[in-house]
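See below for the structure under consideration.
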Amino acid sequence: MSISRRRAAVVSFAGVAVLVLAGCGAEEESGSSGSTTLGFVNGSNTHFHTCLLKAVEQTAEAEGAEVYSANSKQDAGTELSNIEDMISRDVDALIVQTVNVDALEGDIAKAKRAGIPIYLTSVATSDMSDVLGVAKVDLKKVGGLDAGWIGQDAAGKNVQVGIVAGAPGAASDLLVGGFRSGLPATAKVVANQPGMFNPAKAQEVAENMIQAHPDLDYAFVANEEMAFSVRKAFDAAGGEDVKIVSVNGTEDGVAAVKSGRLSATVANSAMVIGQTAVKNTIGLLNKDKTVDKIANIPLVLVTKDNVTEAPQYCPE
């Protein structure tokens, strides 16, 4: 079906139905009356995901496109239901921030059968042949940059490292894998537990970790929201000297690096990811040869020495 015909179908549907995806964790419809309709299936409700949604909405409006959005709330089954709903709306393309890379195979196959291309954010599949494109964050490199900082800071000393991962699957597994492989031989990982991208859970994990390993030297935490709770738990247990490295480069995260609460973080702007996803999806739909199928998002290791170089994380 052509873009114009799909557009007509969506407008017709929207005229008789309210955009409420009650069973699929939906978010509100956004965007203007453009010639392209996009479905955005977000993965969770963290600060990253909220900023990503805002960037998608704002960029779509600027590009004259219309967006239907839904949230999978870290559940692969809900993600598939959200994708099925977007297919029923006959959107021109789907932008997906997946819950779990393993779940993507079924998602992509379902969309392919419906003739609706999928554009991915953050992570790529091993086989990109059935995917329109990706705004890719090299998550292994992100973890490796934090590990490299620990290696430099430890300067050859034997050190103990703890890991507070996110939720199993997708981003967290790649981050932790890159971190572990980037550590020097002198750095021993003594604990690795999921914080589920939940600050309260991360604090509980950190409390147990510092009790079991009072000589902990460093901790890698899979996002800054959890890192702040980990810092609180360590400090309360007398672990003020444990150095924490994290991921995202949010405004609060960069401020925490500047103040010393965090030692380093890797900035991968949610705003840039969302902007890239929308612009490139539209470009690829229009067969624009100047648009790359794989767009690598810039990464910046932020320390006290270069906090001014951190990119804007969230749209205003």
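Source: prediction; values computed, not measured.
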Is it true that the side chains of [X] and [Y] contain a donor and an acceptor less than 3.5 Å apart?
{"X": "Gln97", "Y": "Thr121", "answer": "yes"}
{"X": "Asp138", "Y": "Asn296", "answer": "no"}
{"X": "Asp252", "Y": "Thr250", "answer": "no"}
{"X": "Asn82", "Y": "Ser72", "answer": "yes"}

Can you tell me how far [atom2] of [Y] sits from [atom1] of [X], rounded to the nearest 0.5 angstrom?
{"X": "Asp241", "Y": "Asp217", "atom1": "CG", "atom2": "CG", "result": "9.5 Å"}
{"X": "Leu299", "Y": "Leu139", "atom1": "CG", "atom2": "CG", "result": "8.5 Å"}
{"X": "Gln275", "Y": "Thr59", "atom1": "CD", "atom2": "OG1", "result": "4.5 Å"}
{"X": "Lys110", "Y": "Ile116", "atom1": "NZ", "atom2": "CD1", "result": "12.0 Å"}
{"X": "Met271", "Y": "Thr276", "atom1": "CE", "atom2": "OG1", "result": "9.5 Å"}
{"X": "Thr281", "Y": "Ile118", "atom1": "OG1", "atom2": "CD1", "result": "11.0 Å"}

When hydrophobic residues are tied together by side-chain contacts of less than 4.5 Å, even through go-betweens, does Met196 share a cluster with Val101?
-> no
Minimum side-chain heavy-atom gap Gln193-Glu204 below 4.5 Å | no
May I ask you to test the Phe40-Asn42 pair for a side-chain heavy-atom distance under 4.5 Å?
-> yes
Please work out which of the three classes, parallel, tilted or perpendicular, describes the rings of Tyr218 and Trp149, given edges at 30° and 60°.
-> perpendicular
Using a 4.5 Å side-chain heavy-atom cut-off and chaining through intermediate ILVMFWY residues, the residues clustered with Met209 come out as Val164, Val190, Phe197, Val205, Ile210, Leu216, Val221, Met226, Phe228, Val230, Phe234, Val242, Ile244, Val254, Val257, Leu262, Val300, Val302, Val307
